[in-house]
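Order of listing sets the numbers, starting from 1, for every ligand and every atom in it.
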Amino acid sequence: MATANPEQTLMLLKPDALRHSLMGYVLTELSERHTGLCLAAAKVARLSRLLAEEHYAEHRQKVFFPSLLDYLAGRVHYPDEPRKRRLIALVFHGPDAIDRIRALAGPTSPAAARQERPGCIRALGTVVPVPDARGGVLCQRMENLLHSSANSADAEREVQLWFKPDEIPPLLRGYDTEVSDAHYYYKDGQLATAPVRGGACLAAPGDVAWKNDLAALRSLSQGQPASRSLGAVAAKYLLNQADEGDC
Ligand code: CDP
Ligand code: MG
């Protein structure tokens, strides 16, 4: 690649960005002309529970997590239009991609964004009180238009969580791939190396997969611990399938 310190980062356009027709604005802010970053991959996806829990594993125990899922799943912005409940997932590639996008996005809280960084993308977001069962306020939900990876470890985990290698042009793949020499099937949270009725084939001999995914599948199929969970490997292969559970 011609750039000095190319990085990759995952960005999600959240349902509020779509509902408020801000997709064009956000993409203009992130255009190659403005940022020097190159769009490496893009997809429209319905958020599954598997994906949401893997993506936001660090927040699973937080009080705002259920409300965050309602928001990301599109139930808040499209209560009566389930077909419009989706996210746009993007991979950007280029010098200091992670920090550049985080800087353009601004602080997590739209209120802080407006105060501290007028003009940043999240300054257009909304802070919404989340009620508790007794009519009080449980917490606040940050509807902040986009997600972007926080650091290089998160970026690697998130790009490989949302995208298969063949969804990224070969010269724009930022992480090692490997050719599978075995079959791996997934069904209901279980891994198998022989076909399972109704199961999804994660990899067959000759398929190109993320090297880290194949290492995890190999270990898990032998009952060994792995560096990533089966859910993290499988989620992208199950995206947008009709019978995949909503989150
Ligand atoms: O997105 P970012 O990395 O800036 O923030 P985070 O702390 O990793 O939180 C992930 C997402 O959870 C945020 O972008 C918010 O949408 C949501 N959140 C929330 O609703 N309320 C909070 N107090 C913190 C985060
Ligand atoms: Mg974060």
query: By number and element, which atoms of ligand 1 are closer than 4.0 Å to a non-hydrogen atom of Arg141?
result: 20 (O)
message: Can a side-chain donor-acceptor contact be found between Ser152 and Glu7 if the only test is distance below 3.5 angstrom?
response: no
task: Return the residue, atom name and 0.1 Å-rounded distance of the protein heavy atom closest to atom 4 (O) of ligand 1.
output: Thr108 OG1, 2.5 Å
- request: Following the transitive rule for hydrophobic clusters with a side-chain heavy-atom cut-off under 4.5 Å over Ile, Leu, Val, Met, Phe, Trp and Tyr, establish whether Val128 and Leu22 coincide in one cluster.
  value: no
Closest contact, heavy atoms only, Leu30 versus Thr35: O-OG1, 3.3 Å
statement: Correct closest heavy-atom pair for Ile98 and Ala155 would be CD1-CB, 3.9 Å
Numbered atoms and elements of ligand 1 in range of Leu68, under 4.0 angstrom, heavy atoms: 12 (O), 16 (O), 17 (C)
message: Within the 4.0 Å heavy-atom shell around His59, which atoms of ligand 1 are there?
response: 6 (P), 7 (O), 8 (O), 9 (O), 10 (C)
- request: Output the list of atoms in ligand 1 that are nearer than 4.0 Å to some heavy atom of Arg102, sorted by atom number.
  value: 2 (P), 3 (O), 4 (O)
- request: Please report which non-hydrogen protein atom sits nearest to atom 16 (O) of ligand 1, along with the residue it belongs to and the distance in Å to one decimal place.
  value: Met142 O, 2.9 Å
message: Closer than 4.0 angstrom, basic N to acidic O: yes or no for Glu178 and Arg218?
response: yes
query: Which heavy atom of the protein is the closest neighbour of atom 11 (C) of ligand 1, given with residue, atom name and distance?
result: Tyr56 OH, 3.8 Å
message: With a heavy-atom distance limit of 4.0 Å, tell me whether His55 approaches ligand 1 through its side chain, its backbone, both, or neither.
response: neither
message: Checking side-chain polar atoms at under 3.5 Å, does Ser67 have a donor or acceptor matched by the opposite partner on Arg141?
response: yes
Under 3.5 Å donor-acceptor pairs involving side-chain atoms of residues 192-211, not counting sequence neighbours:
{"from": "Asp207", "atom 1": "OD2", "to": "Ala204", "atom 2": "N", "distance (Å)": "2.9"}
{"from": "Trp210", "atom 1": "NE1", "to": "Phe163", "atom 2": "O", "distance (Å)": "2.7"}

task: Using distance alone, decide if ligand 1 has a nitrogen or oxygen within less than 3.5 Å of any nitrogen or oxygen in Asn144.
output: yes
- prompt: What's in the same ILVMFWY side-chain cluster as Val63, cut-off under 4.5 Å, chained through other members?
  reply: Val130, Leu138
task: Looking only at protein heavy atoms, identify the closest one to atom 1 (O) of ligand 1 and say how far it is in Å.
output: Arg122 NH2, 2.9 Å
- request: May I ask you to check if ligand 1 and His147 share an N or O to N or O distance below 3.5 Å?
  value: no
task: Return yes or no for this condition: an N or O of Lys14 is under 3.5 Å from an N or O of ligand 1.
output: yes
query: Is any N or O atom of Phe64, backbone or side chain, closer than 3.5 Å to an N or O atom of ligand 1?
result: no
- prompt: What orientation do Tyr56 and His147 show, parallel under 30°, tilted 30 to 60°, or perpendicular over 60°?
  reply: perpendicular
